[in-house]
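Quick note on labels: first sequence line is chain A, next is B, and so on, each numbered from 1. As the structure is a computational prediction, the values presented were derived from the model and not from experiment. As a basis for the values below, the full set of heavy atoms in this structure was taken, side chains included, without hydrogen atoms, waters or symmetry mates.
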Number of protein chains: 2
Amino acid sequence: MLPTTGLPQGAVPKLERPGPLRDRVYEALLELITTRALQPGQHLVESELAGHLGVSRQPVREALQRLSTEGWVDLRPAQGAFVHEPTDEEADQLLSVRTLLEAEAARLAAANAGADAVAALEKLCDEGEKAVDADDVDGAVAMNARLHAKVMELAGNTVLAGLAAQVDRRVRWYYTPVARQRGHRSWIEHRELIAAIADRDEERATAVMRAHTEHTRKMYREREK
Amino acid sequence: MLPTTGLPQGAVPKLERPGPLRDRVYEALLELITTRALQPGQHLVESELAGHLGVSRQPVREALQRLSTEGWVDLRPAQGAFVHEPTDEEADQLLSVRTLLEAEAARLAAANAGADAVAALEKLCDEGEKAVDADDVDGAVAMNARLHAKVMELAGNTVLAGLAAQVDRRVRWYYTPVARQRGHRSWIEHRELIAAIADRDEERATAVMRAHTEHTRKMYREREK
DNA sequence: GAATTGGTTTTCGCCTACAGTCTACGGCGC
DNA sequence: GCGCCGTAGACTGTAGGCGAAAACCAATTC
């Protein structure tokens, strides 16, 4: 028993710590990039960002460094950081990798999932469909992300989850503009996926997820033209 | 035509630029980690490393930052960097992800490969076997890496290649101690893989690569006990 | 003897300053 | 008028320094 004080565990609100500045800068920049406030190809000047965010250059540099390794910005030596410009080819490759990772996650989820897990998935699906019916695009996209994240969690492979999280976020960056077009159909497929997971049918879960992600990929390709 | 000088393209050796210091620090630290000079769990003190490498703390910080995002070190806030301690579970997950990525790469390679590509693979395989015969473990491991990298290159998916490169390097970190045990058998499997690629047989290439990487995974598991 | 508390030291997080390098622009020669 | 060179500006790369938080250790109290 750790707490020798008579206080209950959650009584002390953990003393909201701001957390490392570099992380907050990272989050801020990522937000600016994903919302297109910083456009692809744009030159990111360290001192400018630092001044704008009210911090020094150092945290900005570290944030840019991290964004670089995750593929959000390109760091050209002695020239600075530029917001990454996604090519159509790269987007397609990213989507195909996503298909691979998500399909595997679906398979593992089907192998591991219990009744309570399935219930949780159903709940997420309900909310997602509700958002679609209400024309709440942002909400639907968010629920979609949470659903996929939940499947990934059920897969129980943290390494896989880490890679998928990166890929997914970038995919969503490219994909958000076309998300609007893909409403109900997507959630019907989600239902099929959950059914397959509930049946513990690894083969079918893999196939459904593959079809699902490939579907969005095809939609992206058609949009390119 | 860019070169208006009459000089051939490669004549000027690009004026050997030292390149960003942080990258060299990164390479140096990665070398130290993979060679076990810095042991898992060890606390990495910035000023210590900086002094040892003859640079300031800043490049060291940036290198550690990058190593952190790639999973080599754990960056605990306000505490510093610690060499990542791989758990058995994590190693297993990493190996399973590797299987997934490499199998897909093999499939794509089989779909794309031409005669010259197959020849290049054969050449790498020859050298690898030569290294094994000479009991040159480090050389064999290196050739193994280059062979897999070549397959990945043939797959033609840079995103996939990027992920696989990270995973592979970490796998090799865990795996190096047991590499010695897995000599000839591994290279026989390589031959089978190349044959499948030469036949443009995607199914078989996938299966062979999957068996190959799963084989090393099993070997690792047995070693755990 | 065990737990706590206070001070001390180490180390990180961030800021500021300086040097090197690349880019852009204006003047000069052809 | 056209192209080259030199200079000025801006930005990045690196170094050093200060304040603060965490870990460590010893003295003290129960």
>> Measuring from the side chain of B:L21 (C-beta onward, heavy atoms only), which nucleotide among D:dC11, C:dC15, D:dT14 has the closest atom?
In response: D:dT14
> Atom CZ of A:R22 to atom C1' of C:dC14: distance rounded to whole Å?
Replying inline: 11 Å
> Just how far, in rounded Å, is P of D:dC11 from CZ of A:R76?
Replying inline: 15 Å
> Within the structure shown, what part of the strands sits under 4.0 Å from B:L75 by heavy-atom distance: base, sugar-phosphate, or nothing?
Replying inline: nothing
> For A:Q79 and A:G54, take the nucleotide of DNA chain C holding the closest heavy atom to each; which residue's nucleotide lies nearer the 5' end?
Replying inline: A:G54
> From D:dG13, D:dA22, C:dT23, pick the nucleotide closest to the side chain of B:A78?
Replying inline: D:dA22
>> Taking B:R170 first and then B:E90, would you say they form a salt bridge - that is, a charged N and a carboxylate O separated by under 4.0 Å?
In response: yes
Please list every donor-acceptor pair under 3.5 Å in which a side-chain atom of residues 71-80 of chain A meets a protein atom from a residue at least two apart or in another chain.
unit_1 : atom_1 : unit_2 : atom_2 : d
A:D74  : OD1    : A:H84  : ND1    : 3.2
A:D74  : OD2    : A:H84  : ND1    : 3.0

> Counting any heavy atom closer than 4.0 Å, what does A:Q58 reach on the DNA or RNA strands: base, sugar-phosphate only, or nothing?
Replying inline: base
>> Please report the distance, rounded to the nearest Å, between NE2 in A:H43 and C1' in D:dG9.
In response: 14 Å
> Between D:dA10 atom P and A:L44 atom CG, what is the distance in whole Å?
Replying inline: 19 Å
>> Of the options C:dC15, C:dC12, D:dA23, whose atoms approach the side-chain atoms of A:P59 most closely?
In response: C:dC15
> To the nearest Å, how far apart are A:E62 CD and C:dC12 P?
Replying inline: 12 Å
> Picking from D:dG13, C:dT11, D:dA15, which would you name as closest to the side chain of A:E46?
Replying inline: D:dG13
>> If the test is side chain to side chain donor-acceptor pair (under 3.5 Å), which one of B:E62, B:E31, B:E70, B:Q65 qualifies with B:Y26?
In response: B:E70
>> Students often mix this up, so state it plainly: with edges at 30° and 60°, are the rings of B:F82 and B:H43 parallel, tilted or perpendicular?
In response: tilted
> Just checking A:L64: base, sugar-phosphate only, or nothing, at a heavy-atom cut-off of under 4.0 Å?
Replying inline: nothing
> Heavy-atom distance under 4.5 Å between the side chains of A:V167 and B:L163, does that happen here?
Replying inline: yes
> Roughly how many Å is it from OH in B:Y26 to P in D:dG13, rounded to a whole number?
Replying inline: 17 Å
> Are any of A:S56's side-chain N or O atoms less than 4.0 Å away from OP1 or OP2 of C:dC15?
Replying inline: yes
> Would you say a side-chain N or O of B:R61 is under 4.0 Å from OP1 or OP2 of C:dG13?
Replying inline: yes
>> Just N and O in the side chain of A:R57: are any of them under 4.0 Å from OP1 or OP2 of C:dT16?
In response: no
